[in-house]
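What's counted below: heavy atoms across the whole structure, side chains too, no hydrogens, waters or symmetry copies. Indexing begins at 1, ligand by ligand and atom by atom, following the structure's order.
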Amino acid sequence: MSIDFTLTPELEELRVRVRAFIEDVVKPGEARIGDPDEIERDEYIKILFGMRDQAKAAGLWLPHMPEEWGGMGLGHVELAMVQAEAAKSYYGPFVMNCQAPDEGNMHTLLHWATDEQKEKYLKPLCDGYAMSCFAMTEPEVAGSDPTLIRTTAIKDGEEWVINGHKWFISNARRAKFAILIARTEDNPDLPQAANTAFIVDIPSEGWNRVREVETMHGGSGHSEIVIEDLRVPDANMLGGRGQGHLLGQYRLGPARLAHCMRWIAQAETALDMMVDRSLHRYAHGSVLAEKQGIQWMIADSTMELYQSKLMVLHAAYRIDHGLDFKSEVSMAKHFVANMLNRVIDRSIQVHGALGYSTDTPLAHMYQHARWARFADGADEVHQMRIAQRTIAAYRDSGSTRTATGDLPI
Ligand SMILES: Cc1cc2nc3c(=O)[nH]c(=O)nc-3n(C[C@H](O)[C@H](O)[C@H](O)COP(=O)(O)OP(=O)(O)OC[C@H]3O[C@@H](n4cnc5c(N)ncnc54)[C@H](O)[C@@H]3O)c2cc1C
């Protein structure tokens, strides 16, 4: 077995190209946009989609999709490197068309959709002509436990009639369709086999967007939806009856890891800023970089970022090699989400009042980072699953070794 962390010359060249594209095209475009609430809508669209055209022309489009779908055909390890460059800027993933939730939905459609569904729904997503959303969470029941989902789909001839209530549906107001999870089975053999996924066209009669949920980072695109007698044809079932949970799990593995890749970029930005500020800010006879208290913050952040990168690369390696990756992705998701919050927090601390202001991107990054600890699996749920697997490994083999990444040490 060889362990080699170097990139091939082609991949190194790709990484440099992505970095240059983000620096030369996306960051200037982002600066022109400024506050999206302040800029004229037409101008906003023109800048954003102009950048997308440039990404397509540069061959930096859909890094996560196979070439036959217009993508770059990268594996997950390669993707980690591209996402970690793309997310150095807020709009980078969107410009390259690898942003959540579309990116996870594309993976899901690629794996689960019929040919007709792929043509109708996946193709426009890949071409950048449509956006999508994923509708699972409900206000009345714990999103951490999908067996509690109350939205129902009842069969009526060739159609399904759906009633229910969803919220925090990211991108719903811009989406052309939703992948919706609803309960179809009353008494399944397993509680996990109660739900089924459907593709819902937006707009559709019965799909009622009642509000944008105002969050600590503003009201930017998480909708509450009331679903009333929405009719969906049989042909829009995604996967089989009762496979909604399976599909959700399949979707969340790579999607969670892709979040981690983008969070690494954000944390690296925060650490760069922390070091830069500490080298230039002077107090009590020296620059901050010479204070032990500040060095500890820099050292802890460096070590945690290093751990995060290794965890993400290893989980990506396991996906690429067809190995079971649930535990590694779970551990990476938990660790990287918490690392992100700690590193941004320390960077704000080192910046003092400036860090708390909106003059630097840190405050904005901090607001976005907070959701990472509970969305796509809350910390405690990941910890529960990780512990269960570790206990099972010990019970089965008398050792916890396989649960700690099954590494050769
Ligand atoms: C910005 C944002 C975007 C989102 N986008 C989407 C989207 O596009 N589509 C979608 O369907 N959903 C979306 N969500 C919802 C998200 O997936 C849920 O918030 C998440 O699944 C948790 O569900 P919940 O909020 O109902 O919390 P709950 O399930 O009520 O959990 C609350 C807390 O309870 C604790 N907890 C839960 N289970 C356990 C346990 N077993 N042991 C110990 N503690 C536990 C944890 O601390 C957890 O944080 C989004 C949320 C946010 C904030």
Engineer: Once you restrict to heavy atoms under 4.0 Å, what part of H222 touches ligand 1? Side chain, backbone, both or neither.
Structural biologist: side chain

Engineer: Quick check: A378 and ligand 1, any N/O pair under 3.5 Å apart?
Structural biologist: no

Engineer: Counting only heavy atoms closer than 4.0 Å, does ligand 1 sit against the backbone of S170, its side chain, both, or neither?
Structural biologist: both

Engineer: Side chain, backbone, both or neither: which part of T137 has a heavy atom under 4.0 Å from ligand 1?
Structural biologist: both

Engineer: Among all protein heavy atoms, pick out the one at the shortest distance from atom 45 (C) of ligand 1; state its residue, atom name and that distance to 0.1 Å.
Structural biologist: E380 CB, 4.0 Å

Engineer: For residues N97 and D102, is any side-chain donor paired with an opposing acceptor at under 3.5 Å?
Structural biologist: no

Engineer: Going by a strict under-4.0 Å cutoff (protein heavy atoms only), does atom 3 (C) of ligand 1 have a neighbour on the protein?
Structural biologist: yes

Engineer: Look at the aromatic rings of H314 and Y317 and report parallel, tilted or perpendicular, splitting at 30° and 60°.
Structural biologist: parallel

Engineer: Using a 4.0 Å cutoff against the non-hydrogen atoms of F374, which atoms of ligand 1 qualify?
Structural biologist: 19 (O), 20 (C), 22 (C), 49 (O), 53 (C)

Engineer: Below 4.0 angstrom, N of the basic side chain to O of the carboxylate: do D376 and R256 qualify?
Structural biologist: no

Engineer: Mind checking whether Y250 and H111 have parallel, tilted or perpendicular rings, split at 30° and 60°?
Structural biologist: parallel

Engineer: For S144, is at least one N or O under 3.5 Å away from an N or O on ligand 1?
Structural biologist: yes

Engineer: Just to confirm my output: which protein heavy-atom neighbour is closest to atom 38 (N) of ligand 1, and how far is it?
Structural biologist: V381 CG2, 3.5 Å

Engineer: Count the heavy atoms of every other residue, nucleotide or ligand shown that sit under 6.0 Å from CG of D189, and state whether that count exceeds 12.
Structural biologist: no

Engineer: In the complex you have, is atom 36 (N) of ligand 1 within reach of the protein, judged by whether a heavy-atom distance drops under 4.0 Å?
Structural biologist: no

Engineer: Between D127 and K123, is there a salt bridge with N-O shorter than 4.0 Å?
Structural biologist: yes

Engineer: Should A375 be counted as touching ligand 1, given the test is an N or O pair under 3.5 Å?
Structural biologist: no

Engineer: Can you see whether E228 engages N208 through a side-chain donor-acceptor pair at a distance of less than 3.5 angstrom?
Structural biologist: yes

Engineer: For ligand 1, note which part of M384 has a heavy atom under 4.0 Å away: side chain, backbone, both or neither.
Structural biologist: side chain

Engineer: Taking the six-membered ring for Trp, are Y91 and Y44 parallel (under 30°), tilted (30 to 60°) or perpendicular (over 60°)?
Structural biologist: perpendicular

Engineer: Indicate whether atom 6 (C) of ligand 1 is within a distance of less than 4.0 angstrom of some protein heavy atom.
Structural biologist: yes

Engineer: Taking the cut-offs as 6.0 angstrom to the six-membered ring centre and 45 degrees off its axis, would you call K333 and F374 a cation-pi pair?
Structural biologist: no

Engineer: Within the structure, does A142 bring an N/O atom to less than 3.5 angstrom of an N/O atom in ligand 1?
Structural biologist: no

Engineer: Taking atom 25 (O) of ligand 1 as the reference point, report whether a protein heavy atom occurs under 4.0 Å from it.
Structural biologist: no

